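Working notes, structure below.
On a predicted model such as this, the values are computed, not experimentally measured, just so you know. Only this structure's heavy atoms are used, side chains among them; waters, hydrogens and symmetry mates stay out.
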Amino acid sequence: MNPSLFQFDGSKACKLKQLPTSISPSAVNKEKLAEKTLKNMQRMALLQEAFYADGREGLIILFQALDAAGKDSTIKNVMTSLNPQGVTVYNFKQPNSEELSHDYLWRVNRCLPRRGEIAIFNRSYYEDVLTVQLHDLYKSYRMAPRLLNQDKQDFFHKRYRQICNYEEYLYENSYRVVKIFLHVSKEKQKERFLERIDQPEKNWKFSQSDLKERARFDEYQQLLGQVITRTASPHSPWYVVPADRKWYTRYLVSCITVQALESCCHEYPTLSVPAKEQLQEYRLQLENEKG
């Protein structure tokens, strides 16, 4: 499956209601896709090792989704093949008072990986143009009146521009940003919410706020389509991945991750001739050790 089928790079508008959230089991072989997912994960591990050794680029894989779309389980199951020494997962929750006293990109900028390493963002700065916009949370910000008194549309259109500029800045400083939206249907979300209520081991996952957000499901979808359209670019594309069937989601995310790592610099450093000669001397020393 070619990840480009699910890619938005700024060349077309994203209309989520027209995009699939699932795939018919008869259209693909679940067992074969599971095998391909495993092979992709093995490929990810090999690429990450070379990517880490190369050390010329940093990679950010960013996940956004509505509640119960499966972000946590996707990260857990697909990224498990990566070496934890070279990857960090950041879970961006509601900002605290310290974070709110800075600009909205501050806390994210502190989490940029070193070149050669991977950062996985479970939610991100996109919350600041999604939840913040839908619930008018920006009105409570401690910011100058010249900003808060402007038209709401202008306020967030400027943020779209700021985000695009930020991602371009990262790209021009040897980072790549890959953005994945897990596209879940309203019916599947309801099913998963009921599972969280019915299964005791999942009760902790359910919150009354989930129902409040669900009541605005259609509004979120419309806004998400706008955000994806306005912030997609060739160097920082969005991927809208069907999320109703987790095994299919995980396969596609593994494909996207492999493609991202293949696009990055992943060559093992080569030694100069003098350095190679020095290695042979070290080899002789080791072989001639006594005792």
Side-chain angles (χ1 to χ4, degrees), residues 1-23 60-71 74 92 104-105 108 121-138 151-168 171 177-193 209-246 248-249 252-253 255-256 259-260:
M1 189 71 67
N2 190 344
S4 64
L5 296 174
F6 305 90
Q7 184 186 86
F8 288 83
D9 62 3
S11 61
K12 59 184 176 181
C14 174
K15 298 180 181 179
L16 286 180
K17 288 188 176 181
Q18 298 178 10
L19 299 178
T21 61
S22 186
I23 189 171
I60 299 163
I61 303 175
L62 178 159
F63 287 88
Q64 287 288 150
L66 297 181
D67 293 325
K71 291 192 316 314
T74 299
F92 292 101
Y104 68 97
L105 292 173
V108 176
F121 290 174
N122 187 340
R123 299 193 187 277
S124 66
Y125 45 91
Y126 279 97
E127 291 297 316
D128 292 276
V129 290
L130 290 169
T131 304
V132 170
Q133 182 171 185
L134 194 66
H135 291 283
D136 291 330
L137 299 179
Y138 73 102
D151 179 77
K152 177 180 178 180
Q153 186 176 26
D154 289 342
F155 182 91
F156 285 101
H157 281 194
K158 287 176 182 177
R159 285 206 164 179
Y160 297 156
R161 172 177 53 79
Q162 292 160 8
I163 287 174
C164 289
N165 289 343
Y166 179 65
E167 291 173 348
E168 185 175 4
Y171 184 74
V177 181
V178 174
K179 301 172 291 191
I180 301 173
F181 175 69
L182 301 186
H183 188 26
V184 69
S185 67
K186 195 171 185 179
E187 295 73 24
K188 179 57 70 170
Q189 185 191 61
K190 177 181 178 179
E191 179 184 317
R192 291 176 181 171
F193 278 167
S209 63
D210 294 337
L211 290 182
K212 292 181 179 179
E213 295 299 290
R214 177 174 167 79
R216 307 188 72 171
F217 189 97
D218 293 337
E219 292 177 76
Y220 264 113
Q221 280 214 329
Q222 183 176 358
L223 180 56
L224 277 158
Q226 178 187 120
V227 169
I228 291 171
T229 299
R230 294 294 299 272
T231 60
S233 67
H235 55 69
S236 299
W238 275 101
Y239 293 88
V240 178
V241 175
D244 281 5
R245 297 186 183 276
K246 291 185 177 182
Y248 186 54
T249 304
L252 292 175
V253 170
C255 291
I256 293 166
Q259 185 181 73

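Although no hydrogens or angles enter the test, the distance criterion places a donor-acceptor pair under 3.5 Å between the side chain of R214 and the main chain of K186. For the pair S4 (side chain) and Q7 (backbone), a donor-acceptor distance under 3.5 Å is absent. Looking only at distances, a side-chain donor or acceptor of K179 sits under 3.5 Å from a matching main-chain atom of T231. Although no hydrogens or angles enter the test, the distance criterion places no donor-acceptor pair under 3.5 Å between the side chain of R230 and the main chain of Y160. The closest donor-acceptor contact from the side chain of N122 to the backbone of K71 lies at 3.5 Å or more, if one exists at all.
In summary, K188 and E191 engage in a salt bridge, as defined by a charged side-chain N under 4.0 Å from a carboxylate O. Looking at R123 and D67, a side-chain N of the basic residue comes within less than 4.0 Å of a carboxylate O on the acidic one, giving a salt bridge.
At a threshold of 4.5 Å between non-hydrogen side-chain atoms, the residues V184 and D244 count as touching. Annotation: side chain of F92 is not in contact with side chain of D128 (no heavy-atom distance under 4.5 Å). The side-chain heavy atoms of P242 and L252, taken from C-beta on, include a pair separated by under 4.5 Å. Using a 4.5 Å heavy-atom threshold, the side chains of H135 and K212 count as separate. Residues V240 and F6 are not in side-chain contact: their nearest non-hydrogen atoms beyond the backbone lie 4.5 Å or more apart. With a 4.5 Å cut-off on side-chain heavy atoms, I256 and V241 count as touching.
Partner of Y125 under the side chain to side chain donor-acceptor pair (under 3.5 Å) criterion, chosen from R159, Q162, E167: E167.
Between S124 atom OG and I61 atom CD1 the span is 13.0 Å, to the nearest 0.5 Å. With values rounded to the nearest 0.5 angstrom, L16 atom CG is found 10.5 Å from T21 atom OG1. The OH atom of Y239 sits 14.0 Å away from the CG atom of L182 when rounded to the nearest 0.5 Å. To the nearest 0.5 Å, atoms NZ (K15) and CD1 (I228) are separated by 14.0 Å.
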Test V132 against Y104 for side-chain contact (heavy atoms from CB on, under 4.5 Å), laying out the working first.
CA-CA 11 Å; V132 170; Y104 68 97; over 6 Å; no
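No more than 12 heavy atoms of other residues, nucleotides or ligands sit less than 6.0 Å from atom OH of Y171. Within 6.0 Å of atom NZ in K152, more than 12 heavy atoms from other residues, nucleotides or ligands are found, so the atom counts as buried in its surroundings.
Taking all atoms of both residues into account, the shortest heavy-atom contact from Q64 to L62 is CG-CD2, 3.8 Å. Taking every heavy atom of both residues into account, T229 and C14 meet most closely at OG1-N, 2.7 Å. What you find for A69 and A243 is that their closest heavy atoms are O-CB, 3.6 Å. When every heavy atom of A260 is checked against every heavy atom of V178, the shortest pair comes out as CB-CG2, 3.8 Å. Scanning both residues, G70 and R192, for their nearest heavy atoms gives N-NH1, 4.2 Å.
F156 meets the ring pair (Phe, Tyr, Trp, His ring centres under 6.0 Å) test with Y138; sequence neighbours excluded.
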Side-chain donor-acceptor contacts of residues 218-225 below 3.5 Å, not counting sequence neighbours, with atom names and distances?
| unit_1 | atom_1 | unit_2 | atom_2 | d |
| --- | --- | --- | --- | --- |
| E219 | OE1 | R216 | NH2 | 3.0 |
| E219 | OE2 | R216 | NE | 3.1 |
| Y220 | OH | E213 | OE1 | 2.3 |

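Using a 30° and 60° split on the angle between ring planes, Y126 and W238 fall in the perpendicular class, above 60°. Taking the six-membered ring for Trp and thresholds of 30 and 60 degrees, F181 and H183 have ring planes inclined between 30 and 60 degrees apart.
Geometrically, K158 does not engage F155 in a cation-pi contact, judged by NZ or CZ lying under 6.0 Å from the ring centre and within 45° of the ring axis.
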